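Presented below is the structure to which this report refers.
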Amino acid sequence: MSKGLPKRSENYSEWYNELVKRADLAENSAVRGCMVIKPYGYSIWEKMQRALDDMFKETGHTNAYFPLFVPKSLFEAEETNAEGFAKECAVVTHYRLKADPNNKGKLIADPDSKLEEELIVRPTSEAIIWNTYKNWIQSYRNLPILINQWANVVRWEMRTRLFLRTAEFLWQEGHTAHSTADEAIAETKQMLDVYARFAEEWMGVPVVKGTKTPNERFAGAEDTMCIEAMMQDGKALQAGTSHFLGQNFAKAFDVKFQSKEGTLEYVWGTSWGVSTRLMGALIMAHSDDNGLVLPPKLAPLHVAIVPIYKGEDQLEQIREKLKPLMTGLKSKGITVKFDDDDQTRPGFKFAEYELKGVPVRIAMGMRDFDNGTIEVARRDTMEKQTVELNAQTDEFIKSLLDDIQTNIYQKALDFRKQNTFIVDTWEDFKKQIELGGFLMCHWDGTSETEEKIKEETKATIRCIPLDAVEEEGTCVYSGKPSKKRVVFARAY
RNA sequence: CGGGGUGUAGCGUAGCCCGGUAUCGCGUUUGGUUUGGGACCAAAAGGUCGUCAGUUCGAAUCUGGCCACCCCGACCA
């Protein structure tokens, strides 16, 4: 492990890439555009999964699993959806290989094994799932269906970046079916709230809840809601989406139910998802030049203890002295590691735990040992303090962890506030967008204006915020009347 | 797919213009001394210089083809 990360302020994207690699989160693989998620990175993802999964269960959902492959004819069924994803689909055309007669030791796809119908590697699962739901739904008594799936999907992206955009990624996708539009809309909103709560309470990342414009809407949805987060370079990151599908998929797959009144009606649907992209959001929202900063609620390791000693005797003395504290912490559900690795020195360990974002570090050498104290360092502020070691120390650490969780959220929220601007003129818009941040502007509601702004500034409408206040205004670009401000930003 | 660039040890690199079998750092191995902020000393292992062909007594170096990857655009959770 070499010293020092690139500076965040000098080259944000290089800083990000290096951080992901050095903190042992993920690395590029031999497969173009696909990453290897390393054990440390995966353990963070597992914590995210668990928290989200619990929230899904609390809101009445259950998990199921559907196939990786979608027959092309099913994929085509919902036209808007199919067209939206067509240009980034991996397609399976053969089912076996054979020795290449012209090239010894090489294999080719056996021409005799050509599939009669090609299989699409799922970029999203609406098609295969709605085709299945058709068989599950006959009556209003079968509704609602509230299912979530944890899976991998493939979208053949041109340019990829670890966690933010990879050709294959891990995610969850919820797919629900309802008897009324109102119920489906309520579900869409409920899951958006779940995502927002997860982002803010667990990841410590404040988000703007809103609705996408038709341009940015999910292909096949009637309405797409999203949560948008601000990264430390002022760019926006879409962190999660929740779609109201209307009856689009029900019509495409002929999914009807008999109502209480005896009428035959199409089912209303929703789908919602978050992906390993959340890892990217987590990294970019909090980390600094020393490495990762993890919110305690998602940190695989909460407290690293570094003993500073000469010889086995001192190590054992320190270990014994800290045993009650470690027991106390563990009983409070706090994960602790006593790092007695003799191969690396304390300074190296300090740097390493900082790089990996461990929220709290405790050090004890003979000086502390004699004084009955420990040195406690918090990762978020890098502050160190000497604390008396007694029966209350575990409580102190617990509240410190809570404090760190609150603090990093507050810090991110303050950052977002400082980088959110009310912009009313096109001149200001062009200036401000170069500096980054969220621009709150009036927009005339047309796709044309949205596209022109994108062409000229690379900024897109991230969302129409749910809490936008009604006010009279004029579009920042066209000058036409507008009633609400929307969020413009450059995005990942 | 358009524009630019790069392939040399596990990683990062020098050498290339001006041809003579490869430099340095990190990491690794062994031994010793160390341990309150990324230790030091000593020794060692590790490279068909992306690939194929050509020029030459001789190619990492010159020429051509191919392949891969990276960056910038269009696309995107």
Side-chain angles (χ1 to χ4, degrees), chain A residues 1-6 11 13-14 17-18 21-22 27-33 83-89 122-125 151-161 163-173 195 212 215-219 221 224 226-229 236-243 271-281 290-291 306-312 314-315 318 339-356 361-371 373-375 377 382 384 386 454-455 458 460 462 491-492:
Chain A
M1 188 71 54
S2 53
K3 288 170 77 167
L5 281 169
N11 188 337
S13 61
E14 196 186 329
N17 287 141
E18 278 300 306
K21 287 179 200 158
R22 297 228 202 139
E27 61 189 27
N28 285 308
S29 71
V31 189
R32 194 206 71 100
E83 272 171 36
F85 285 102
K87 28 186 205 321
E88 49 189 354
C89 285
R122 63 180 167 213
T124 180
S125 300
N152 59 337
V153 288
V154 169
R155 296 181 189 175
W156 212 266
E157 299 291 348
M158 306 263 177
R159 296 187 56 210
T160 59
R161 287 190 74 190
F163 290 120
L164 296 175
R165 185 170 303 110
T166 46
E168 178 195 16
F169 57 93
L170 305 184
W171 76 346
Q172 60 68 218
E173 45 182 328
Y195 288 155
K212 285 289 184 194
N215 271 1
E216 303 274 328
R217 187 179 289 158
F218 176 75
T224 287
C226 64
I227 52 171
E228 292 285 328
L237 184 77
Q238 180 175 305
T241 46
S242 184
H243 316 291
S271 67
W272 29 275
V274 294
S275 71
T276 35
R277 179 178 243 203
L278 287 179
M279 292 286 294
N290 294 305
V306 179
I308 300 160
Y309 59 95
K310 293 176 185 148
E312 279 295 309
Q314 289 188 359
L315 175 61
I318 293 168
D339 190 348
D340 59 0
D341 179 4
D342 199 34
Q343 304 303 306
T344 52
R345 304 169 73 221
F348 182 88
K349 292 175 182 173
F350 292 170
E352 190 70 8
Y353 289 122
E354 280 157 14
L355 183 60
K356 293 205 163 183
R361 185 187 70 231
I362 292 175
M364 178 184 258
M366 290 321 282
R367 198 173 63 211
D368 282 311
F369 184 88
D370 293 337
N371 295 338
T373 56
I374 52 173
E375 182 191 77
M382 298 289 280
K384 288 192 266 195
T386 299
K454 187 178 178 182
E455 266 170 46
K458 291 184 193 159
T460 50
R462 300 320 304 156
Y492 276 98

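On a predicted model such as this, the values are computed, not experimentally measured, just so you know.
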Query - Qualifying residues under salt bridge (charged side-chain N to carboxylate O under 4.0 Å, His left out), relative to A/Glu228, sequence neighbours excluded - result: A/Lys212, A/Arg462

Query raised in the report: How far, in whole Å, is B/U61 from B/G50 if one measures between their C1' atoms?
Result: 16 Å

Query - Interatomic distance, A/Arg345 CZ vs B/U33 C1' [rounded to whole Å] - result: 11 Å

Query - B/G65 versus B/U55 - spacing of their C1' atoms, nearest Å - result: 15 Å

Report summary line: Regarding the side chain of A/Lys454, the nearest nucleotide among B/U35, B/G38, B/C75 is B/C75

Requested in this report: Report the nucleotide, chosen from B/A77, B/G38, B/G37, that has the shortest atom-to-atom distance to any side-chain atom of A/Glu352.
Outcome: B/G38

Query raised in the report: Out of B/G73, B/G38, B/G36, which nucleotide sits closest to the side chain of A/Asp368?
Result: B/G36

Report summary line: When A/Gln343 and A/Arg462 are each assigned the nearest nucleotide of RNA chain B, the 5'-most assignment goes to A/Gln343

**Report entry** Expected output: side-chain A/Glu14 to main-chain A/Pro6 donor-acceptor under 3.5 Å
**Finding:** no

Query raised in the report: B/C11 phosphate, OP1 or OP2: any side-chain N/O from A/Lys21 under 4.0 angstrom?
Result: no

Query raised in the report: Got a sec, which residues hit side-chain contact (heavy atoms from CB on, under 4.5 Å) with A/Ala221, two or more places apart in sequence or on another chain?
Result: A/Arg217, A/Phe218, A/Thr224, A/His243, A/Leu245

Report summary line: Those residues at least two apart in sequence (or on a different chain) that pass ring-ring contact (aromatic ring centres under 6.0 Å, His included) with A/Trp156 are none

Requested in this report: Provide the distance between the two C1' atoms, one in B/U30 and one in B/G36, to the nearest whole Å.
Outcome: 29 Å

Report summary line: To the nearest angstrom, the CD-C1' distance between A/Glu14 and B/G12 comes to 12 Å

Report task. Calculate the interatomic distance between A/Asp341 atom CG and B/U35 atom C1'; express it in whole Å. Result -> 12 Å

Query raised in the report: Rounded to whole angstroms, how far apart are CZ on A/Phe348 and C1' on B/C26?
Result: 12 Å

Query - Lys NZ or Arg CZ of A/Arg277 over A/Phe169 ring: under 6.0 Å, within 45° - result: no

Query raised in the report: Base, sugar-phosphate alone, or nothing: which one does A/Thr166 contact when heavy atoms must sit under 4.0 Å apart?
Result: base

Report task. Extract the stems that RNA chain B is part of, considering only consecutive pairing runs of at least three Watson-Crick or G-U wobble pairs, both distances under 3.5 Å. Result -> B:1-7 with B:67-73, B:10-12 with B:24-26, B:28-33 with B:39-44, B:50-54 with B:62-66

Query raised in the report: P atom, B/U35 versus B/C40: distance in rounded Å?
Result: 14 Å

Query raised in the report: What distance do A/Gln238 atom CD and A/Thr460 atom OG1 have between them, rounded to the nearest 0.5 Å?
Result: 9.5 Å

Report task. Give the rounded distance in Å between these two atoms: CZ of A/Arg22 and P of B/G10. Result -> 19 Å

Query - Euclidean distance for C1', B/G27 against B/U13 (whole angstrom) - result: 14 Å

Query raised in the report: Checking all strands, does A/Ser275 fall into the base, sugar-phosphate, or nothing category for heavy-atom contacts under 4.0 angstrom?
Result: base

Report task. Starting from P on B/G36, measure out to NZ on A/Lys310 and report it in whole angstrom. Result -> 8 Å

Query raised in the report: Using atom C1' of each nucleotide, how far apart are B/A59 and B/U51 to the nearest Å?
Result: 15 Å

Query raised in the report: Can you tell if the side chain of A/Thr276 reaches within under 4.5 Å of the side chain of A/Leu170, non-hydrogen atoms only?
Result: yes

Report task. With RNA chain B as reference, determine whether A/Glu216 or A/Thr160 sits nearer its 5' end, using the nearest nucleotide of each. Result -> A/Thr160

Query - Touch class at under 4.0 angstrom, heavy-atom based, for A/Glu354 against every strand present - result: base

Query raised in the report: Could you give the OH-to-P distance, from A/Tyr309 to B/G36, as a whole number of Å?
Result: 11 Å

Report task. May I ask you to say what A/Glu157 touches in the nucleic acid, namely base, sugar-phosphate or nothing, with a heavy-atom cut-off under 4.0 Å? Result -> base

Report task. Answer with base, sugar-phosphate or nothing: what part of the nucleic acid does A/Arg161 contact at a heavy-atom distance below 4.0 Å? Result -> nothing

Query raised in the report: Expressed in whole Å, how much space separates the P atoms belonging to B/C75 and B/C66?
Result: 30 Å

Report task. Determine the Euclidean distance between corresponding C1' atoms of B/G15 and B/A60; express it in Å to zero decimal places. Result -> 8 Å

Query raised in the report: Reckon A/Phe169 touches a base, only the sugar-phosphate, or nothing at all at heavy-atom distances under 4.0 Å?
Result: base

**Report entry** Pairing residues for A/Ala167 by the side-chain contact (heavy atoms from CB on, under 4.5 Å) criterion, not counting sequence neighbours
**Finding:** A/Cys34

Report task. Kindly write out the residues that satisfy salt bridge (charged side-chain N to carboxylate O under 4.0 Å, His left out) with A/Glu83, not counting sequence neighbours, or none if the list is empty. Result -> none

Query raised in the report: So, does the side chain of A/Lys458 form a donor-acceptor pair with the base of B/G73 at under 3.5 Å?
Result: no

Requested in this report: Could you tell me the separation between the CG atom of A/Asp342 and the P atom of B/A39, rounded to a whole number of Å?
Outcome: 13 Å

Query raised in the report: Between A/Arg155 and B/A77, is there a side-chain N or O to OP1/OP2 distance below 4.0 Å?
Result: no

